[in-house]
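Structure, as C-alpha cells:
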Number of protein chains: 2
Amino acid sequence: MDKTHGRATLHDVARKAGVSIASVSRMVNGQTVRPSLEGRIQDAIEKLNYQANSAGRALRARRTEQICLSVPDISNPVYQSITKGVQLGLEGTNYRMMLAPQVSSAEDVLRQINSLNSNYADGLILLSLVDDTRIKKAVEKLDIPIVTIGNVDINRETDSLKVAPNALDIAVEYLNRKYGSRILFVNGPKETIPGKIRGAGFERAIKNLGIEKTCKSVESKTFSVEGAVEALTSLANLNSYKSVMCANDVIAAGALRYFSSNKIRVPEDVAVMGIDNTDLATILSPSLTTIDYNAIERGKLAAKFLVDRIQNPSAPVKRIEVQPRLVERDSA
Amino acid sequence: MDKTHGRATLHDVARKAGVSIASVSRMVNGQTVRPSLEGRIQDAIEKLNYQANSAGRALRARRTEQICLSVPDISNPVYQSITKGVQLGLEGTNYRMMLAPQVSSAEDVLRQINSLNSNYADGLILLSLVDDTRIKKAVEKLDIPIVTIGNVDINRETDSLKVAPNALDIAVEYLNRKYGSRILFVNGPKETIPGKIRGAGFERAIKNLGIEKTCKSVESKTFSVEGAVEALTSLANLNSYKSVMCANDVIAAGALRYFSSNKIRVPEDVAVMGIDNTDLATILSPSLTTIDYNAIERGKLAAKFLVDRIQNPSAPVKRIEVQPRLVERDSA
DNA sequence: TTGTACGCGTTATCAC
DNA sequence: GTGATAACGCGTACAA
C-alpha cells in the first residue's frame with residue numbers, strides 16, 4: 001500500500017504503473033488496453049493488492065452490485081431453502097446478498113421497503129406474508145427492479161414466481177383416495193397470504209370432490225410447531241379424522257409431535273401430510289409425505305431473474321408458475 | 001422529485017428549502033440547526049421524499065453501515081439461529097447485514113474474505129468450519145473489525161465468542177450416570193474445527209471418568225442426517241451401546257432416524273443426545289436431550305460487539321466464553 | 001449557526 | 001488506445 005490511510009486506490013496503481021487512472025480503470029473493467037501497459041498495470045495491482053472500492057464505484061456507476069432478499073421468517077425451513085437458492089443463483093455473478101431484517105408487522109415491512117430508497121441495493125426479492133395496500137404502494141414506487149416469490153400481487157410489471165394453485169387438489173385427492181373423506185385441514189393464520197391461498201385451495205379441493213361435509217378446517221395461530229399442537233389440542237372430535245392435511249411442513253411437524261405424544265400412530269391411526277418438502281420432511285419420523293414446490297430452485301430462479309432484469313430493464317416480464325409435485329413418504 | 005434522473009439529493013432539498021446543502025446534511029445527521037430553518041428543511045425532505053444516498057455517504061464517510069456475516073451452512077439450524085440472533089442484535093442500529101455466500105472449501109472462504117477488501121462492509125462476523133493458515137493470514141490482514149464465533153483462532157486482537165469446552169463433560173457425565181458407560185460418540189468430520197474440538201472433548205470426558213474402554217467414537221462424513229445414518233449403518237456392534245452422544249443436533253436427528261427405521265426404541269433401547277439445542281430438538285420425536293449454547297444470544301452479542309467495535313476501535317477486546325447448559329428432554 | 005468548497009474513489013466523456 | 005478531467009452525492013473544514 002502506498003498511502004498511509006487505508007487501501008490502495010486507482011491513483012496509487014496508476015502512479016506505480018506509470019499510466020493514467022483511466023487506463024487502470026479500463027483494465028479493471030475488462031476493456032482493451034495496450035498489451036505493453038497490461039503487464040505493468042497487472043503488476044501494480046497485485047503489488048498493491050488493489051481492489052476497487054465499492055462505494056466509489058457505486059456512486060459513479062449508480063450500481064451497488066447488491067440485491068436485497070426479504071423473507072418473513074428465517075426459522076421456517078422453506079425460507080432457508082429459498083435463501084440458499086438465492087445464494088446459489090447469485091453464484092458466478094458479482095452480486096452480493098443483503099438479508100433484510102426479519103419483520104412481522106406491515107409497518108416494519110413498509111419501513112424496510114422504503115429504506116431501499118437510499119439505493120443500497122440494485123434489486124429486491126420480496127416474499128411477504130402480509131397483504132397490505134401501503135406495502136403495495138411502497139413497492140410500486142420503488143425505483144429498483146423487484147422479483148416476487150409467492151402470491152404477492154402488486155400493480156407493477158414485475159417478474160414473479162408463483163406456485164400453481166392446485167397443490168391442495170393433488171393432496172386432497174391423494175388423501176381422499178387413500179384414507180377416505182374424513183380430512184382435517186390445519187391452516188396457518190388466515191390473515192397471511194399463504195393462509196388465504198391455501199385455505200381457499202382446500203375449500204375448492206373438497207368441493208370439487210364433493211366431500212365438504214366430512215372435512216373440516218382449523219387454524220393455527222402461527223406457522224409453527226407450537227401453534228399446530230395448540231390447534232389440535234383444542235379440537236373436540238379429532239379422532240374421527242383419518243387424515244390431517246397441513247398448510248406447511250412446520251405445521252405438519254406440530255401434528256406429528258401432537259400425535260406422537262398422544263400415542264396416536266401415524267399413518268396407521270391418522271395420516272399426516274405437509275406442504276413445501278423442506279429439510280424437515282426427511283428428518284421427521286415418520287418421514288413426511290408432502291407437496292414439493294422446489295424452494296431452492298425458486299430461489300435460484302428469482303436471483304437469476306433479478307440480475308437479468310437489472311442488466312436489461314426492458315426485457316419482457318417473466319412470470320413463472322411452479323408446478324406442485326407430490327412426494328410420497330411414510331406419514332401418509 | 002426535482003430532477004429527471006432518479007432520486008432527490010441534498011442539493012434538491014437545499015434548493016427547495018432555500019438553504020445550503022451543509023445545513024441539510026447537518027439536519028439529516030442530527031446536528032443542531034436554527035429552528036427557523038428546521039421546519040423548512042423538514043418540509044422539503046418530506047415533499048421530495050429525500051433519503052441520503054448510501055454510496056455517497058459511504059464514500060465520503062468511509063463507512064458503509066453494512067456488516068457481513070459468514071456462516072458455513074445455512075441448512076444447519078444452529079447457523080439459522082445465529083443468523084437470527086445477528087439480525088436481532090442489529091435492530092435499533094442502522095446497520096444492514098450481508099449474508100456471505102455459503103462456501104465449503106478453504107479457497108472459497110479465502111476469496112470471500114479477500115473480497116471484503118473492496119470495503120463493502122464495515123465489519124465481519126466469522127464462523128468458519130475450516131482451519132487453514134491462508135484463511136488466518138487473510139483475516140489478519142483485513143482492515144475491518146472482526147468478531148469470531150466458535151473456536152476460530154486468529155493472531156489478531158479480536159472480539160470473540162467461544163463456547164466453553166466442557167459441554168462433552170456434562171453430556172458424558174449425564175449419559176454415564178443414567179445409562180452406563182457404553183457410550184458411542186458420533187462426531188462430525190474431524191477436519192472441521194467443531195469436529196476437532198468436540199472429538200477432543202469426548203476423549204477428555206471419558207478419560208476423566210475412566211470409561212475409555214467401554215466407549216467408542218465414529219465419524220460422520222458430514223454434519224448431516226444422511227452422514228449420521230451412514231456412519232451408524234456401517235457400525236458392527238451398535239446394539240451394545242446404551243447411549244449415543246452426537247456432535248450436534250443434526251447428527252442426533254440422523255441417529256433418531258436410523259433407530260426409528262430399525263425399530264429400535266429411544267430412549268428405552270438406546271438414548272440419544274445432541275449438542276446445540278436448535279429448533280430441531282423440540283420438533284423431533286422423541287424430543288432431543290441436548291446441550292444448549294444459546295445460539296441466538298451468541299448471534300445477538302456478536303452483532304453488538306461488532307457494532308461497538310466499529311464505533312470504538314480502541315475499546316478493550318471482549319472475549320466471552322459461553323457456558324453450556326444441559327437441556328433434558330425425552331431422548332436421553 | 002450558516003454557506004462555500006473540497007475531496008472521498010470511481011466511471012465515462014472527450015480530445016488527442 | 002490513452003490521458004486529463006468532470007461528475008456521482010455526501011460530509012465537513014474553514015471562513016464568514
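To find a chain, count down the sequence lines: A is the first, B the second, and so on, and within it residues start at 1. All heavy atoms count here, side chains included; hydrogens, waters and symmetry mates do not.
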*Return yes if the base of C:dT10 and the side-chain atoms of A:Arg57 contain a donor-acceptor N/O pair under 3.5 Å, otherwise no.*
no
*Please report, rounded to the nearest Å, how far the P atom of D:dG1 is from the CD atom of A:Gln31.*
11 Å
*Would you say A:Ser20 reaches D:dG3's phosphate, i.e. side-chain N/O to OP1/OP2 under 4.0 Å?*
yes
_Under a 3.5 Å distance rule, please check whether A:Ser23 uses its side chain to pair with a backbone N or O of A:Val19 as donor and acceptor._
no
*Distance in angstrom units between B:Asn29 CG and D:dC10 P, rounded*: 10 Å
*May I ask you to test the B:Arg319-B:Asp159 pair for a side-chain heavy-atom distance under 4.5 Å?*
no
*For B:Met27 and D:dT12, give me the distance from atom CE to atom C1', rounded to whole Å.*
18 Å
*Take atom CZ of A:Arg15 and atom P of D:dG3, then tell me their distance rounded to the nearest Å.*
15 Å
_If the threshold is 4.0 Å, N to carboxylate O, is there a salt bridge linking B:Asp108 and B:Arg111?_
yes
*asked:* What I want to check is whether an N or O donor and acceptor connect the side chain of A:Arg26 with the base of D:dG3 at under 3.5 Å.
replied: yes
*Hey, which sits more toward the 5' end of DNA chain C by its nearest nucleotide, A:Leu10 or B:Thr32?*
B:Thr32
_For A:Arg40 and B:Arg63, find the nucleotide of DNA chain D closest to each by heavy atoms; which residue's nucleotide sits nearer the 5' end?_
A:Arg40
*Using only side-chain N and O atoms of A:Asn53, determine if any of them is under 4.0 Å from OP1 or OP2 of C:dC8.*
no
*Within less than 4.0 Å of OP1 or OP2 of D:dG9, is there a side-chain N or O belonging to A:Arg62?*
yes
*asked:* Can you measure A:His11 atom NE2 to C:dT10 atom P for me and round it to whole angstrom units?
replied: 8 Å
*Out of D:dG3, C:dT10, D:dG1, which has the shortest distance to the side chain of A:Ala22?*
D:dG3
*Nucleotide C:dT13, atom P - distance to CD1 of A:Ile21 in whole Å*: 15 Å
*With respect to the side chain of B:Ser23, which nucleotide from C:dT10, C:dG3, D:dC10 is positioned closest?*
C:dG3
*Scan B:Val28 against the nucleic acid and name what it touches under 4.0 Å (heavy atoms): base, sugar-phosphate only, or nothing.*
nothing
*asked:* From C-beta outward on A:Ala52, which listed nucleotide comes closest to its side chain: C:dT2, C:dT10, D:dG11?
replied: C:dT10
*With distance as the sole test, does A:Asp12 use its side chain to make a donor-acceptor pair with the main-chain N or O of A:Thr9 at under 3.5 Å?*
yes
*Rounded to the nearest angstrom, tell me the gap between atom CG in A:Leu48 and atom P in C:dG9.*
14 Å
*asked:* Does D:dC10 have OP1 or OP2 under 4.0 Å away from a side-chain N or O of B:Tyr50?
replied: yes
*Could you check which of C:dC8, D:dC10, C:dA12 has an atom nearest any side-chain atom of B:Leu59?*
C:dC8
*Verify the distance criterion only: is there a donor paired with an acceptor across the side chains of B:Ser75 and A:Gln80 at less than 3.5 Å?*
no
*For D:dC10, take OP1 and OP2 only and decide whether either is under 4.0 Å from a side-chain N or O of B:Ser25.*
no
_How many whole angstroms separate atom CZ of B:Arg60 from atom C1' of C:dT10?_
16 Å
*Kindly indicate whether a cation-pi arrangement holds for A:Arg96 with B:Tyr120, taking the cut-offs as under 6.0 Å to the six-membered ring centre and within 45° of the axis.*
yes
